[in-house]
Protein chains: 2
Amino acid sequence: MTQLHPKATMTTGCSVERALNLIDGKWKIVILHKLLKGTLRFNELRRQIPAVTQRMLTNQLRELEADGLIIRTVYPEVPPRVEYSLSARGRSLEPVIMALKAWGDRNLSSPEVEAA
Amino acid sequence: MTQLHPKATMTTGCSVERALNLIDGKWKIVILHKLLKGTLRFNELRRQIPAVTQRMLTNQLRELEADGLIIRTVYPEVPPRVEYSLSARGRSLEPVIMALKAWGDRNLSSPEVEAA
DNA sequence: CGGTATCCACGCGGATACTG
DNA sequence: CAGTATCCGCGTGGATACCG
């Protein structure tokens, strides 16, 4: 045991702060976003998020699992196969993720700024 | 120069990742959430977010300002007065923040609810 | 009041090597 | 394929003191 992800859940502050505790970490939202489209294997996730390292991906996946946002399924096959999918709780974050994506598409795709 | 907040903006990954770069940091979303209700002074923000330290609050506010999400107004008065408010861009994040808050309220069963 | 400046600890996170 | 293990730099962020 490397004793990573020593957080899982926290109980401080308002609902916004507490919600953030579940989705902070550099890659959680991105991972959840990818999984919205369907179940993915470990290396499929890696390929879809090139900037993440293996270590970090594992770490974030473990935290997401510990928080009940994703489901990790191991198939005891000869070439190991592990699939990650959203739990009901994780899927309930879809409005948040899509709102964030919509905002990103609108505010970051266009180089123009400050449309007051 | 303390050389803090050396990020401001990044341009990597998909729109979700890039959007996250603007709102990562432990307190940004919380700050934006508080400012949704109206302009606040520095110490008013501190009081509304007890867990944040002065240093971090300053840091996060500077980054938010650099990213054009909030507006910092200094009133040259004898007891200094600095007010923070959302920019148009920052206010456009309201759907994201409210979606997150709604999710937190529903999934974390918060003991208290604040009026939107 | 609204910050800076400085010191310092800790853990995040990258790089690399190894495994069942 | 899907991880662990280990090393380690560096940024994050707390505590404290000071300032205009």
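Each chain gets a letter, A, B and so on, in the order the sequences are listed, and its residues count up from 1.
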Student: Which whole-number value in Å describes the distance from B/N59 CG to C/dG3 P?
Tutor: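 These atoms are roughly 13 Å apart.
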Student: Do side-chain atoms of A/E65 reach the backbone of A/I70 as a donor and acceptor pair under 3.5 angstrom?
Tutor: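 No; zero donor-acceptor contacts below 3.5 Å.
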Student: Which nucleotide in the list D/dG20, D/dG3, C/dG20 gets nearest to the side chain of B/P80?
Tutor: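 The nucleotide sitting nearest to the side chain is D/dG20.
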Student: Specify the separation, in whole Å, of atom CG of A/L57 and atom C1' of D/dC1.
Tutor: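 Going from CG in A/L57 over to C1' in D/dC1 covers 13 Å.
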Student: Just checking B/Q54: base, sugar-phosphate only, or nothing, at a heavy-atom cut-off of under 4.0 Å?
Tutor: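 Touches a base.
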Student: Separation of B/R81 atom CZ from C/dG3 atom P, in whole Å?
Tutor: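 It works out to 13 Å between those atoms.
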Student: Do the side-chain N or O atoms of B/T53 get closer than 4.0 angstrom to the phosphate oxygens (OP1, OP2) of D/dG13?
Tutor: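 Negative; the distance criterion is not met.
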Student: Counting just side-chain N and O atoms, does B/Y84 come under 4.0 Å of either OP1 or OP2 of C/dC1?
Tutor: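 False: B/Y84 side-chain N/O out of range (4.0 Å or more) of C/dC1 OP1/OP2.
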Student: Check whether any side-chain nitrogen or oxygen of B/R41 sits under 4.0 Å from OP1 or OP2 of C/dG2, and answer yes or no.
Tutor: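 Looking at the OP1 and OP2 atoms of C/dG2, one of them is under 4.0 Å from a side-chain N or O of B/R41.
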Student: On a heavy-atom basis, which atom in A/G68 and which in A/S87 lie closest, and how many Å separate them?
Tutor: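 It is O-OG, 2.6 Å.
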Student: NE2/B/H33 to CD1/B/I31 distance, rounded to the nearest 0.5 angstrom?
Tutor: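 B/H33 atom NE2 to B/I31 atom CD1 measures 12.5 Å (nearest 0.5 Å).
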Student: For the side chain of B/R55, starting at C-beta, report the closest nucleotide among C/dC1, C/dG3, D/dA15.
Tutor: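 The answer is D/dA15.
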Student: Is B/R46 touching bases, backbone alone, or none of the nucleic acid, heavy atoms closer than 4.0 Å?
Tutor: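 No contact.
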Student: Is there a donor-acceptor pair under 3.5 Å between the side chain of B/N59 and the backbone N or O of B/R55?
Tutor: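 Side chain of B/N59 to backbone of B/R55: no pair is present.
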Student: Which of the following nucleotides, C/dT4, D/dT4, D/dA2, is nearest to the side chain of B/T58?
Tutor: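 Closest of the options to the side chain of B/T58: C/dT4.
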Student: Is any side-chain N or O of B/R72 closer than 4.0 Å to OP1 or OP2 of C/dG3?
Tutor: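 Result: yes.
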